[in-house]
Amino acid sequence: MTAAPVFAVVGHPNKGKSSVVATLSQNDAIAIALEPGTTRQRQAYPLSVDGHTLYTLVDTPGFQRPRRVLEWLQAHSVSASDHAQTVQAFVTQHQGDGRFTDECELLAPLIDGAGIIYVVDGSVPYSAEHEAEMTILRWTGRPSLALINSIGSDDYSDTWQAALGQFFQVVRKFDAVRAPFEQHLGLLRAFGQLEPDWEAPLEQATDFLSDQRLKRRNQSAAIIARALEDLMAYQEKRTLTQNQSAGTSDDTLAEQLRQRWYRHQRQREQSLRIDIEHLYQHQRIQRQEAELEWHNEHDLFSEDSRRAWSVSKRYLATAGFGAGAVGGAGLDALTLGHSLGAGALVGGLIGAAGSYFYGDRLMLPAVHIGALQDGLQTATFGPVQDSQFGYVVLGRAVDHWWHISQRNHAGRELLDLEPADHHWLEQLDRGSRQAIQQVFDKRRKRRPLDDRQRQKFITAIEQSMAAYDHWRLNRT
């Protein structure tokens with residue numbers, strides 16, 4: 001079996017090398033800082049899927065004295081045929097020499113057979129220092145690719161493109177923070193064309209990563225489905241002794257249950273966020289989502305949230321018709337078909353009417369305080385009475401999933417999840433609408449789902465993700 005390729009990411013200090021490593025290795029633990037010299041020793045980061053290493057990236061320090069190094073190399077080389085050996089001799093002779101610590105660290109993996117990813121900042125001009133760096137790298141004789149990663153607002157990409165083309169086999173623009181997934185795969189394919197031994201493993205790597213992306217989407221739908229089942233059916237319950245009951249007013253008890261119910265629902269939604277982020281190997285995201293403050297304008301249970309994330313009356317009428325029609329179909333079955341479909345029609349109309357007329361308000365869960373029996377009293381709050389609550393949670397969950405699935409691991413900016421401004425769920429097909437509405441209705445009555453219903457629900461949520469993806473790509 002061919003060994004997994006190794007790539008050393010090299011270049012000038014503080015030009016985005018670590019960002020490239022973080023994105024291509026799917027590792028958000030890699031430190032990325034604005035100050036030069038953050039990386040002082042080479043560090044290997046393998047990308048593994050299911051325990052199989054696809055390739056390894058080596059983050060390296062930046063060049064510190066490239067012109068001094070090049071002078072040494074030129075002074076100790078006889079002809080072009082000994083360039084690689086001369087670079088090796090430089091590293092051997094200068095190990096432990098504080099003047100060239102960074103150069104030895106970045107050249108060592110190339111001597112060991114790594115390919116070169118040379119990263120430059122396209123927003124700064126090309127200079128003699130850069131030309132010395134590129135000459136040194138060419139002397140190693142290793143397969144090479146250059147990335148123009150513009151950090152600032154200025155653009156010298158054309159100048160860089162012309163210069164890099166003289167030293168490197170492939171030159172690409174690559175924004176490590178914002179490059180879409182397809183560009184990651186394009187880089188791997190480009191590297192496979194540079195070295196025959198890398199072609200097969202990198203082709204395998206692109207297949208693995210594409211398959212992984214599809215699996216993560218499906219797994220995300222299952223995670224969201226499970227959370228929605230929990231949130232729709234959750235009931236806060238408390239049993240009091242006679243003394244406790246005597247010392248607590250009904251209003252106080254109701255408020256305590258209400259607050260605990262709200263807290264649980266918020267915590268369950270937050271655990272959903274973390275599960276999705278970890279699935280995509282994001283461990284350190286700083287997220288801003290106004291859901292923790294009571295009566296906040298974007299609060300999970302606020303009227304503004306319902307308006308922003310929920311669905312229109314027309315959508316609810318359609319979804320309610322489908323769900324009601326299923327109940328009516330049961331009536332048809334009981335009459336052995338003698339109702340001629342009237343059961344399905346009546347059930348559908350009842351479902352549609354109910355959804356339409358109650359769909360413009362968010363009904364809160366109900367408090368039930370039981371009578372004192374055998375010295376004990378039981379009080380409950382929930383489950384949620386309104387299906388729109390489920391649509392609010394679903395909309396927020398799919399929006400969060402989309403941002404996480406599109407986010408590169410070099411991204412360090414705050415993830416600000418703002419309410420949507422469009423009822424994109426209305427693009428869902430009829431079958432998916434019915435599957436979602438049926439589960440919401442069933443779970444708010446605390447009825448369990450069987451395996452077939454759960455799979456239909458997961459599939460409907462996947463369709464919701466596709467609808468959201470389509471909306472994001474086509475919105476103006």
Side-chain angles (χ1 to χ4, degrees), residues 2-12 15-28 30 32 39 42-49 52-60 106 109-110 113-123 133-134 137-138 140 142-151 157 160-161 163-214 216 280-282 405-411:
T2 306
V6 178
F7 307 118
V9 183
V10 300
H12 221 56
K15 299 304 178 191
K17 298 188 298 299
S18 295
S19 296
V20 170
V21 174
T23 288
L24 295 181
S25 66
Q26 298 187 7
N27 188 335
D28 67 355
I30 296 172
I32 297 173
T39 305
R42 65 183 183 275
Q43 179 72 44
Y45 296 97
L47 176 68
S48 300
V49 175
H52 176 64
T53 298
L54 303 179
Y55 53 82
T56 297
L57 292 153
V58 182
D59 197 10
T60 68
L106 73 88
L110 303 181
I116 298 169
I117 298 178
Y118 181 60
V119 180
V120 301
D121 180 1
S123 64
E133 295 171 4
M134 294 189 287
L137 294 173
R138 188 166 62 181
T140 67
R142 300 303 305 155
S144 60
L145 179 148
L147 298 180
I148 304 173
N149 178 35
S150 295
I151 298 174
S157 297
W160 274 109
Q161 194 91 32
L164 292 167
Q166 300 178 48
F167 291 87
F168 298 91
Q169 294 154 284
V170 174
V171 180
R172 296 283 175 86
K173 288 186 178 180
F174 186 76
D175 184 336
V177 175
R178 298 176 184 81
F181 178 70
E182 289 69 24
Q183 280 193 24
H184 305 183
L185 300 185
L187 279 185
L188 297 179
R189 294 191 183 99
F191 248 121
Q193 295 169 2
L194 299 181
E195 172 63 49
D197 288 344
W198 293 344
E199 185 173 359
L202 290 178
E203 187 63 35
Q204 187 181 33
T206 58
D207 291 342
F208 263 122
L209 292 173
S210 298
D211 186 53
Q212 179 194 58
R213 195 162 181 82
L214 291 175
R216 283 176 172 174
Y280 283 87
Q281 295 181 223
H282 288 288
S405 67
Q406 303 293 321
R407 187 182 176 96
N408 287 337
H409 291 75

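All values below come from the heavy atoms of this structure, side chains included, with hydrogens, waters and symmetry mates left out. Everything numeric in this text was worked out from a predicted model, so none of it was measured. Along the sequence shown, the residues carry numbers beginning at 1.
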**Message:** I'd like to check the ring pair (Phe, Tyr, Trp, His ring centres under 6.0 Å) partners of Tyr45; sequence neighbours left out, ordered by chain and number.
**Reply:** none
**Request:** With sequence neighbours left out, write down each residue that passes ring pair (Phe, Tyr, Trp, His ring centres under 6.0 Å) with Tyr118, or none if nothing qualifies.
**Result:** Phe168
**Message:** Is it true that, when you exclude Arg178 itself, more than 12 heavy atoms of the residues, nucleotides or ligands shown sit nearer than 6.0 Å to its CZ?
**Reply:** no
Compare all side-chain heavy atoms of [X] with those of [Y] and state whether any distance is below 4.5 angstrom.
X: Val9; Y: Lys17; value: yes
X: Pro201; Y: Tyr55; value: no
X: Leu202; Y: Pro5; value: yes
X: Lys173; Y: Ser157; value: yes
X: Leu57; Y: Phe7; value: yes
X: Leu47; Y: Leu209; value: yes
X: Phe208; Y: Gln204; value: yes
X: Gln183; Y: Arg172; value: no

Kindly write out the residues that satisfy side chain to side chain donor-acceptor pair (under 3.5 Å) with [X], not counting sequence neighbours, or none if the list is empty.
X: Gln281; value: Arg216
X: Ser123; value: Asp121
X: Asn408; value: His184
X: Ser210; value: none

**Prompt:** Picking from Ile116, Leu187, Leu164, Val171, what satisfies side chain to side chain contact (heavy atoms under 4.5 Å, CB included) with Leu145?
**Reply:** Leu187
